[in-house]
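What follows is a short report on a single structure.
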Amino acid sequence: MEATSVVEKKRSGKSGEIELLRFIACLSILFFHINKHVLGRVTFPGSKWGFFNEAVIGVEFFFICSGFLMAYIADKEYRINPVPDDKTLGKSVSSFMYRKVMAFLPYHIIAFILAWITVTVLDWKGVTNAVSSAVESIPSVFLIHMSGLKMENPQFVEWYLSVMVLGMLVLYPIIRKHFHVFTRVIAPAVGIFMLGYLYHKYHVLGDVKTWSVYFFKAMLRGTAELCLGAFTYEVVQILKEKINVERIKVLNTIIYVGGILVFILFSCRKLRGHLSQEYQFLGVPLFMLLVAVCFLGGTCFSNALNNKVVMFLGKFSLPLYLAQVVGVRIAESKLLPKSMGGVTKFVIGAVISLITALIVMWIGDAIKRCIDRKKTHAPYSL
């Protein structure tokens with residue numbers, strides 16, 4: 001079996017394990033934001049447990065998975081042309097970034113417009129402020145705001161997309177030009193040193209608005225995890241050459257189920273104090289392990305999870321992630337009476353987010369179908 005065969009099979013037909021993880025991580029982040037903005041991350045009476053109070057680490061899964069798939073695509077191109085010249089490299093990077101951005105652009109635009117309308121109406125301060133807000137949102141529309149060009153941004157969750165795009169724009173040329181050096185040496189080194197800096201300096205992974213020397217803290221966080229995702233891909237390829245992946249499916253299943261349970265339990269635990277928040281960093285190796293298991297032969301549930309429901313939930317995750325701002329802002333707004341209970345507001349925020357996500361997905365899918373029909377070849381004839 002070739003080194004990439006299992007990944008190719010999973011990538012072409014999608015991995016049910018990955019799609020389920022994608023949905024769980026996305027839903028936990030939605031619950032975290034509603035809890036934070038509406039309930040204030042409260043705990044259940046008489047306990048230290050809450051409802052996804054610490055699910056902020058769900059974003060780590062998306063960065064690591066994106067880094068893994070970035071390495072997979074680079075590996076495919078490396079096998080075709082191991083030593084690209086400058087022109088070929090430029091075309092390769094342009095093609096990769098184009099396909100990456102187009103995969104989420106329609107959903108991003110629709111969700112951004114809905115979020116801007118919601119925030120502007122709820123915080124209405126006149127036409128002048130509305131126009132000013134629209135102009136200042138331009139860097140966020142183009143997803144370059146995490147470079148430092150951050151002004152107005154009604155879509156507070158899209159920092160992830162901005163970091164991913166900017167990070168891959170820097171990393172992909174390197175991994176494409178020096179694949180094995182990057183995945184085996186540069187990626188783990190950069191990932192460890194960046195996370196080590198964040199741990200020593202801040203002790204938490206969150207606080208995406210914090211400026212750290214020359215970058216937003218989130219840029220360092222995302223870049224480190226993209227690198228570690230690429231490193232995870234290389235580790236998986238090495239292991240597949242040395243072991244029979246069919247024989248470890250039971251072990252993979254235990255790790256997969258156990259890892260999800262650990263993530264959920266951690267997310268629902270109310271962390272207090274300096275030391276407890278440092279445990280967020282353990283989410284990085286946890287998701288590296290889970291992503292590796294999904295592509296290292298899968299689990300005993302692989303066939304069962306490769307169904308239309310799980311595939312829909314995986315596809316629905318991106319629109320849900322992008323649309324949650326509408327639900328969160330309405331749930332915390334003055335539109336709802338003060339006498340309304342926090343749990344009721346939480347449910348309203350979640351329902352509005354789900355409905356908005358369906359709208360975003362429906363319109364986004366329609367736009368993508370129109371683009372696919374009109375597109376005869378990639379830009380610049382790549």
Side-chain angles (χ1 to χ4, degrees), residues 4 7-8 10-12 14-15 17-26 28-29 56-78 92-105 107-108 143-144 146-147 157-176 179 182-183 186-188 190-191 194-195 205 208 216 218-237 263 283-296 314-322:
T4 59
V7 177
E8 286 173 356
K10 297 253 181 204
R11 186 62 177 155
S12 60
K14 297 240 182 190
S15 163
E17 291 96 340
I18 285 291
E19 297 306 301
L20 182 60
L21 271 174
R22 194 191 307 274
F23 180 71
I24 291 173
C26 179
S28 68
I29 293 169
V56 61
I57 66 168
V59 179
E60 273 49 67
F61 165 76
F62 294 111
F63 280 126
I64 291 168
C65 189
S66 295
F68 187 100
L69 296 176
M70 175 183 70
Y72 160 69
I73 294 171
D75 192 14
K76 282 187 67 176
E77 296 201 7
Y78 172 80
S92 176
V93 174
S94 299
S95 177
F96 171 79
M97 294 305 301
Y98 172 79
R99 286 181 279 118
K100 194 66 177 177
V101 171
M102 289 306 298
F104 63 76
L105 186 61
Y107 310 108
H108 154 64
L143 295 174
I144 59 174
M146 294 307 292
S147 66
V157 299
E158 288 199 337
W159 68 269
Y160 155 70
L161 289 180
S162 179
V163 169
M164 183 187 70
V165 169
L166 294 173
M168 285 184 170
L169 191 60
V170 173
L171 296 177
Y172 192 76
I174 304 174
I175 191 174
R176 178 64 187 90
F179 180 78
F182 182 86
T183 55
I186 297 175
V190 169
M194 282 189 173
L195 288 181
L205 282 171
V208 298
F216 277 113
M219 271 306 309
L220 300 177
R221 170 187 177 185
T223 302
E225 290 164 7
L226 285 171
C227 287
L228 292 175
F231 172 64
T232 302
Y233 173 84
E234 185 67 9
V235 171
V236 168
Q237 304 316 302
F263 166 64
V284 177
L286 172 64
F287 284 122
M288 289 174 66
L289 182 60
L290 287 176
V291 170
V293 161
C294 292
F295 290 106
L296 193 61
K315 178 183 177 181
F316 185 59
S317 298
L318 176 61
L320 181 59
Y321 179 84
L322 299 177

Are any side-chain N or O atoms of Thr183 and backbone N or O atoms of Glu234, one a donor and one an acceptor, separated by less than 3.5 Å? no
Please tell me if the side chains of Thr223 and Val170 come closer than 4.5 Å, counting only heavy atoms from C-beta onward. no
Distance (rounded to the nearest 0.5 Å) between Phe61 CZ and Phe68 CZ: 11.0 Å
Specify the closest pair of heavy atoms between Leu166 and Ser147, including all atoms of both residues, with the distance to one decimal. CD1-N, 3.6 Å
Classify the ring geometry of Tyr233 against Phe179: parallel below 30°, tilted from 30° to 60°, perpendicular beyond 60°. perpendicular
Closer than 3.5 angstrom, by distance alone: can the side chain of Ser28 be matched with the main-chain N or O of Ala25 as a donor-acceptor pair? yes
Answer yes or no: is there a side-chain heavy-atom contact under 4.5 Å between Val157 and Ile29? no
Strictly distance-based, threshold 3.5 Å: is any side-chain N or O of Arg176 a donor or acceptor partner for the main-chain N or O of Val93? no
Nearest-0.5 Å distance that lies between atom CG in Leu296 and atom CD in Gln237: 9.0 Å
I need the Leu205 CG to Leu220 CG distance, nearest 0.5 Å. 11.5 Å
Note: Pro319 and Tyr107 closest approach over all heavy atoms is CG-CD2, 4.2 Å
Identify the two heavy atoms, one from Phe104 and one from Val165, that lie closest to each other, and give their separation to 0.1 Å. CZ-CG2, 3.7 Å
At their closest point, which heavy atom of Met70 faces which heavy atom of Ala230, and how far apart are they? CE-CB, 4.5 Å
When rounded to the nearest 0.5 angstrom, what is the spacing between CE in Met194 and CG in Leu226? 10.0 Å
Is the shortest distance from a Lys or Arg side-chain nitrogen in Glu60 or Arg221 to a carboxylate oxygen in the other one below 4.0 Å? yes
Would you compute the distance between atom OG of Ser66 and atom CD of Glu225 and round it to the nearest 0.5 angstrom? 10.5 Å
Do the non-hydrogen side-chain atoms of Phe263 and Ile24 ever get within less than 4.5 Å of each other? yes
Aromatic centroids of Phe62 and Phe287 separated by under 6.0 Å: no
Could you check if a side-chain atom of Asp75 sits within less than 4.5 angstrom of a side-chain atom of Tyr72, using non-hydrogen atoms only? no
For the residue pair Tyr321 and Tyr160, establish whether any side-chain heavy-atom pair is separated by less than 4.5 Å. yes
Run the side-chain contact (heavy atoms from CB on, under 4.5 Å) test on Leu195 and Leu228 for me, step by step, so that the C-alpha distance in whole Å, both residues' side-chain angles and the decisive distance to 0.1 Å come before the verdict. CA-CA 10 Å; Leu195 288 181; Leu228 292 175; 3.6 Å; yes
Apply the test side-chain contact (heavy atoms from CB on, under 4.5 Å) to residues Leu322 and Leu161: give CA-CA distance (whole Å), side-chain angles for both, the deciding distance (0.1 Å), then the verdict. CA-CA 10 Å; Leu322 299 177; Leu161 289 180; 3.7 Å; yes
Within-4.5 Å side-chain heavy-atom neighbours: Leu20 and Glu17: no
Output for pair (Phe316 CZ, Leu320 CG), nearest 0.5 Å, gives 5.0 Å
If you take all heavy atoms of Cys26 and Ser317, which pair is closest and at what distance? SG-O, 3.0 Å
ring-ring contact (aromatic ring centres under 6.0 Å, His included) partner of Tyr172, chosen from Phe96, Tyr78, Phe182, Tyr98: Phe96
Closest heavy-atom pair, Phe295 versus Val236, reported as atoms and distance to 0.1 Å, is O-CG1, 4.0 Å
